Amino acid sequence: MSVLLIAGSPSERSRSAALLEAVAQRLQFRGVLTERLQIRDLSPQALILADFGHPSISHATGLVAKADVVVVATPVYKAAYSGVLKVFLDLLPQTVLQGKTVLPLATGGSPHHMLALDYALRPVLQSLGAKHILPGIYATDAQVAVSQEGAYTVNADIGQRLDEAVNTLVREVLPAHEIHQRRFAPVQFSQVRCSV
């Protein structure tokens, strides 16, 4: 199973990136390999000008296309997901998430914006063809604390919700993918030989 972690924050270090890292650690602990995509590292000009052929955009789109599971994390600004993430999602092919499971994560200054996951991000993920969108996890600034050294820590409540989401991925998505991978290649009827 391939899991792509998409960081949709314009900042290098952020609370939403901390949530994404917490998911990565939980998946790695269970032996699941992950790849990362930081949207902020893509060419800003290519993003703004919708340059589909730019190498950074082509590479990023390819990562999304080959992933079985996508975990997307974003800060919430003005009751919606980040503009950086919006620009990137607008560049993706219409069915790029077809057959994929998506786990949305978001952070915001207060609980008042938690519905941004359901009313802003979820419809876009559905329009891109996501097969299954897990219940989103929203954390306030108070739930992802920053130490004096700049390290982020996720509180116990959010940690438990992340555990449940990762357990769902490992229990329900991974086994289905492994079974699919173990299937024999299809055999055409004309290739079937029998002896009497």
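Bear in mind that the values here come from a model prediction, so they are computed numbers and not experimental data.
Annotation for L47 and F88: closest pair CD2-CA, 4.1 Å, computed over non-hydrogen atoms. Between L103 and P135 the shortest heavy-atom distance is CD1-O, 3.8 Å. Looking at every heavy atom in both residues, T74 comes nearest to G8 through OG1-O, 4.1 Å. Summarising the geometry of L4 relative to A67, their closest heavy-atom pair is CB-CB, 3.7 Å, with the distance given to 0.1 Å. Across all non-hydrogen atoms, the minimal contact from Y138 to S110 is OH-O, 2.5 Å. The nearest pair of heavy atoms linking R36 to A24 is NH2-CB, 3.3 Å.
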Evaluate D68 against K100 for salt bridge (Lys or Arg N to Asp or Glu O under 4.0 Å), listing each step before the verdict. CA-CA 5 Å; D68 300 303; K100 300 181 192 314; 5.9 Å; no
*Evaluate side chain to side chain contact (heavy atoms under 4.5 Å, CB included) for Q28 paired with T34, printing each intermediate quantity in order.*
CA-CA 8 Å; Q28 289 165 357; T34 60; 3.5 Å; yes
Using the rule given for side chain to side chain contact (heavy atoms under 4.5 Å, CB included), can you reason through Q143 versus R15, listing the C-alpha separation, both sets of side-chain angles and the distance that settles it, and then say yes or no?
CA-CA 9 Å; Q143 293 173 309; R15 285 179 168 84; over 6 Å; no
Requested in this report: Please assess L89 against Y81 for the test side chain to side chain contact (heavy atoms under 4.5 Å, CB included), listing each intermediate value before the final yes or no.
Outcome: CA-CA 11 Å; L89 293 176; Y81 54 95; 4.1 Å; yes
Under the criterion side chain to side chain contact (heavy atoms under 4.5 Å, CB included), I'd like the reasoning laid out for V102 against L134: C-alpha separation, chi angles, the key distance, then a yes or no.
CA-CA 6 Å; V102 181; L134 296 177; over 6 Å; no
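A heavy-atom distance below 4.5 Å is not found between the side chains of V69 and V32. Contact of the T140 side chain with the T107 side chain is not registered, since no non-hydrogen atoms from C-beta on lie closer than 4.5 Å. In this structure the side chain of I137 reaches within 4.5 angstrom of the side chain of L162, judged on heavy atoms. Between L5 and V3 there is a side-chain heavy-atom pair separated by less than 4.5 Å. Considering only heavy atoms from C-beta on, L117 stays 4.5 Å or farther from Y119 through its side chain. Counting heavy atoms from C-beta on, the side chains of E12 and R40 come closer than 4.5 Å. A 4.5 Å side-chain heavy-atom check between S2 and L33 finds every atom pair outside the cut-off. Side-chain contact between P10 and P75: present, with at least one pair of heavy atoms (C-beta onward) separated by less than 4.5 Å.
The existence of a salt bridge linking E164 and R171 is excluded, since no basic side-chain nitrogen approaches an acidic carboxylate oxygen closer than 4.0 Å.
Between the side chain of R161 and the backbone N or O of G136 there is at least one donor-acceptor pair closer than 3.5 Å. Judged by distance alone, with hydrogens and angles left aside, the side-chain atoms of T153 form no donor-acceptor pair with the main-chain N or O of V146 at under 3.5 Å. Listed for the S14 side chain is a donor-acceptor partner under 3.5 Å among the backbone atoms of A17. Looking at S82, its side chain does come within 3.5 Å of a backbone N or O of L85 through a donor-acceptor pair.
By the rule that hydrophobic residues join a cluster once side-chain heavy atoms approach within less than 4.5 Å of another member, L20 and M114 end up as members of separate clusters. There is a path of hydrophobic side-chain contacts, each under 4.5 Å, that joins I6 to V124. Put simply, V72 and L19 are part of two different groups of oily side chains (I, L, V, M, F, W, Y) that touch within less than 4.5 Å, one to the next. A continuous path of Ile, Leu, Val, Met, Phe, Trp and Tyr side chains, each step under 4.5 Å between heavy atoms, connects I133 with L92, placing both in one hydrophobic cluster. Residues L169 and V154 share a hydrophobic cluster, clusters being chains of Ile/Leu/Val/Met/Phe/Trp/Tyr side chains in contact below 4.5 Å.
For the atom pair CG (L121) and NZ (K86), the distance works out to 10.5 Å, reported to the nearest 0.5 Å.
Between Q45 and S43, the side chains place no donor N or O within less than 3.5 Å of an acceptor N or O (distance only, hydrogens not considered). Judged by distance alone, the side chains of N167 and R30 do bring a donor and an acceptor atom under 3.5 Å apart.
Within a 6.0 Å radius of NE2 in H59, no more than 12 heavy atoms belonging to other residues, nucleotides or ligands are found.
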